[in-house]
Number of protein chains: 2
Amino acid sequence: MVRKSASGRIGIADVAVKAGVSHATVSRVMNGNFTVDPEIAARVRAAAVELKYQPNPVGRSLALGKTDTIGIVVPDLANPTFQAILRGLSRAAAQDGYRVLIADSFEVSSEETILAGEARRRCDGLVLCAPRMSDAELEEIAPSLRPLVLINRTTAAAGVPSLVVDYGQGVQDIAEHLVDLGHTRLAFLAGPPRSASNNLRLQGLEAFKTAHPQVEVTMLEGGSDFDTGHGAVDAVLESGATGILAFNDLVAMGLMSGLHERGLDVPGDISVTGFDDIPFAKYTTPTLTTAAVPITELGEQAWHQLRALIRNEESDAPGSRYQPKLEVRASTGPAKAARTAVHG
Amino acid sequence: MVRKSASGRIGIADVAVKAGVSHATVSRVMNGNFTVDPEIAARVRAAAVELKYQPNPVGRSLALGKTDTIGIVVPDLANPTFQAILRGLSRAAAQDGYRVLIADSFEVSSEETILAGEARRRCDGLVLCAPRMSDAELEEIAPSLRPLVLINRTTAAAGVPSLVVDYGQGVQDIAEHLVDLGHTRLAFLAGPPRSASNNLRLQGLEAFKTAHPQVEVTMLEGGSDFDTGHGAVDAVLESGATGILAFNDLVAMGLMSGLHERGLDVPGDISVTGFDDIPFAKYTTPTLTTAAVPITELGEQAWHQLRALIRNEESDAPGSRYQPKLEVRASTGPAKAARTAVHG
DNA sequence: CTTGCCTCAGAAAGCGTTTTCTCAGGCTTC
DNA sequence: GAAGCCTGAGAAAACGCTTTCTGAGGCAAG
């Protein structure tokens, strides 16, 4: 029985037989090695075309020690931020002939380490997106995951570049904007407690508070999706704040929807701000004031950093910091005369 | 020089040496083969742990002829529909220990064939999501891509299950809903011309028109994103229609935003409907009447079909048809007295 | 005419696993 | 006590490719 039918798929051996040459020569031709007689090369190519031969990437990977694939680990594929990063990463990597393997940890931080390790072994490099694991754990496993690029997280481990968005500055810009409009009572609708980007926002707000002691800033528990915003209406109203900084655009949209149901006007009664500037933010009613994060570009840059690591190039920048840009739209307006806390 | 330092990574050979056994025995232990003396097994396991040995998946894949990975090809990763399918697929596959490799064709139909082939060779199976290629091409390459599952597309090729959403029925349900509210002049804001799901909608509308000859239905060119809807305001107003069926929720949101800017009231002046019921649809202002598609579930089912194919099981269902469910919300209301065409 | 170099293709050795094949040693059974 | 089984571990082949090594043949130079 011929090898061919054994695997069911035609391999390099079949082409070699058909062209009357050795495996080695077929390999050389397929890889554009010019030390092959042009006539033989043509014969091999003809055989390959006729047999519709396509090299098996697994065999190739084993021989070359590389897979032309990179991995990305995200805490939640449903989150538009991670979707956008994935998109930018995938597009940029594709341009260099790399594919992307995805691993969704579903916010289970204990899974992250295992997922990351498994993904890394199948790939030539890894992007770890806002990992929820502890600093200690991250630092411990980082070396074994290299080449590794972090997004919205930093580590003390060496040779691991980080791409971080300056959420702290962004949230301060938003707060300043609200103060400029005359708001003196603000509220922050926080994100997931384990989220590093939420902590950065909190730090930014602390800085803001010391710079503006006259402004009252209420902290409210939250999350990262619509329901968080929608369910926070009562808490927001109770706080008596007239300017609300939502954790992100989704939360802001949920909140605006809830306020609308209560018959309140945005920004007439209350100003609402988001964060991220997802595409939807331009099309909400009213359009949403937010801080724009060039998130797709972040994914793209992640690939460039990772590529440099894989190629063992001098990483020109060992990481970067992105400044969000305030986008003033229609969901923020002048503060009404000071409101008093509303009950129920 | 020892093998160990040659590859930089520890392999099965290192464990074998450390435990004083052969490669074969290490492999047996790692794969839970019980024909190994418990004492030796323990020794091997201890060595593996001490060396932090993790089997190389590439070598494993080559030997086993499977990669425990599946591929998905989508026309546009930015599209929420495909994101949701990806999410459902990824989650379901992960539960069975499979990973997902993504390939984004960026709406370039000529790339699809190549991407699909490359992805397939790296994986154990493939999901082709609403491919834009021609029927002829699809039918030609389908056999070489098996195990293959199609989403929102069918083919005459054998052994290729399809999961399709009945967009035609969905669009009829929406149109009926608008007619029930008294609308007699409708307009359909179409999607991308090459999209199979758009064609299904058009067929549905033809069926609707023959059933309701008294209703006027205007066809408008379109696309699949916000800007399409936002930019279609003039055309919509010119049509004189009072009930607008947008291609999907994104287009509907863009349209509502544009109408709002023109000072028109939804649904007071014009009723607007979407399609898909993306999470945002519940939180627009007004909330969006749409046809809900269980899209994440679609991704999940795609995995189940693919799994059956991979395992060579009897595919219980050679494909399925999903019925969208009308979700009546606040963007549709009773028709005003017939409007006349508005210019400019 | 011979030596030596150079070109180019085949043989074979990896890459890191799994798995079949082989065989040594201990046990049962007559 | 010897013949045959059975258990369990090592040797080696296989997976499909790349690449080094080897060697045959052609050609130029002395």
Side-chain angles (χ1 to χ4, degrees), chain A residues 1-45 47-48 51 53-68 118 120-124, chain B residues 1-45 47-48 51-68 118 121-124:
Chain A
M1 185 177 285
V2 195
R3 177 71 39 78
K4 176 179 173 181
S5 46
S7 86
R9 223 180 165 81
I10 54 144
I12 205 171
D14 304 293
V15 180
V17 169
K18 176 131 202 157
V21 297
S22 71
H23 310 195
T25 300
V26 175
S27 174
R28 279 190 271 259
V29 171
M30 300 306 291
N31 291 297
N33 187 323
F34 288 110
T35 72
V36 177
D37 184 299
E39 197 218 331
I40 294 183
R43 210 166 69 221
V44 169
R45 261 188 283 272
L51 293 173
Y53 168 68
Q54 303 282 151
N56 176 327
V58 178
R60 211 153 183 279
S61 292
L62 188 59
L64 292 174
K66 69 199 201 78
T67 60
D68 290 344
E118 284 191 349
R120 174 63 186 82
R121 258 169 270 131
R122 292 189 138 74
C123 301
D124 299 342
Chain B
M1 185 176 284
V2 195
R3 177 70 41 78
K4 175 180 175 181
S5 45
S7 85
R9 226 183 161 77
I10 53 147
I12 207 171
D14 304 292
V15 179
V17 169
K18 177 130 200 155
V21 297
S22 70
H23 311 193
T25 301
V26 176
S27 174
R28 281 190 270 258
V29 172
M30 299 306 291
N31 292 295
N33 187 323
F34 288 109
T35 70
V36 177
D37 184 300
E39 197 217 329
I40 295 184
R43 211 165 69 220
V44 170
R45 260 186 284 274
L51 293 173
K52 290 196 184 22
Y53 167 69
Q54 303 283 152
N56 176 328
V58 179
R60 210 152 185 278
S61 293
L62 187 60
L64 292 174
K66 68 199 202 79
T67 61
D68 290 344
E118 284 190 350
R121 258 168 270 132
R122 292 187 137 73
C123 300
D124 299 344

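Interatomic distance, B:Y53 OH to B:M30 CE, rounded to the nearest 0.5 Å: 6.0 Å. Taking CG of B:N33 as the reference point, atom OG1 of B:T35 lies at 4.0 Å (rounded to 0.5 Å).
At least one side-chain nitrogen or oxygen of B:R60 sits closer than 4.0 Å to the OP1 or OP2 atom of C:dT18. At the phosphate of C:dG10, OP1 or OP2 sits under 4.0 Å from a side-chain N or O atom of A:T25. At the phosphate of D:dC17, OP1 or OP2 sits under 4.0 Å from a side-chain N or O atom of A:Y53.
Contact between A:V15 and A:V26 at its shortest, heavy atoms only, is CG1-CG1, 3.9 Å.
With rounding to whole Å, B:D124 atom CG is found 18 Å from D:dC15 atom P. Rounded to whole Å, the distance from CD1 on B:I10 to P on C:dC15 is 15 Å. Whole-Å rounding puts the A:I12 CD1 to D:dA14 C1' distance at 16 Å. Here the P atom of nucleotide C:dG14 and the NE2 atom of B:H23 are 13 Å apart, to the nearest Å. Computed from coordinates, the B:K66 NZ to C:dT18 P distance equals 11 Å when rounded to whole Å. One atom, CD of A:Q54, and another, P of D:dG16, lie 15 Å apart when rounded to the nearest Å. The CG-P distance, from B:L62 to C:dT17, rounds to 12 Å in whole Å. At whole-Å resolution of the value, CG in A:L64 and C1' in D:dG16 are 11 Å apart.
Under the 3.5 Å distance criterion, the side-chain polar atoms of A:R120 are matched with a main-chain donor or acceptor of A:C123. Panel note: side chain A:R122, backbone A:T67; no donor-acceptor pair is recorded below 3.5 Å.
With B:R60 as reference, B:L64 is the one residue of B:L64, B:N56, B:V58 to meet the side chain to side chain contact (heavy atoms under 4.5 Å, CB included) rule.
Side-chain atoms of A:R9 stay outside donor-acceptor range of the base of D:dG16, with no qualifying N/O pair under 3.5 Å. The base of C:dG10 is paired with the side chain of A:R28 by a donor and an acceptor separated by under 3.5 Å.
Nucleic acid contact class of B:V58 (heavy atoms, under 4.0 Å, all strands): none.
With sequence neighbours excluded, the residues that form a salt bridge (charged side-chain N to carboxylate O under 4.0 Å, His left out) with A:D68 are A:K66.
For DNA chain C, the neighbouring residues in residues 30-45 of chain A, judged by any heavy atom under 4.0 Å, are A:T35, A:V36, A:D37, A:I40.
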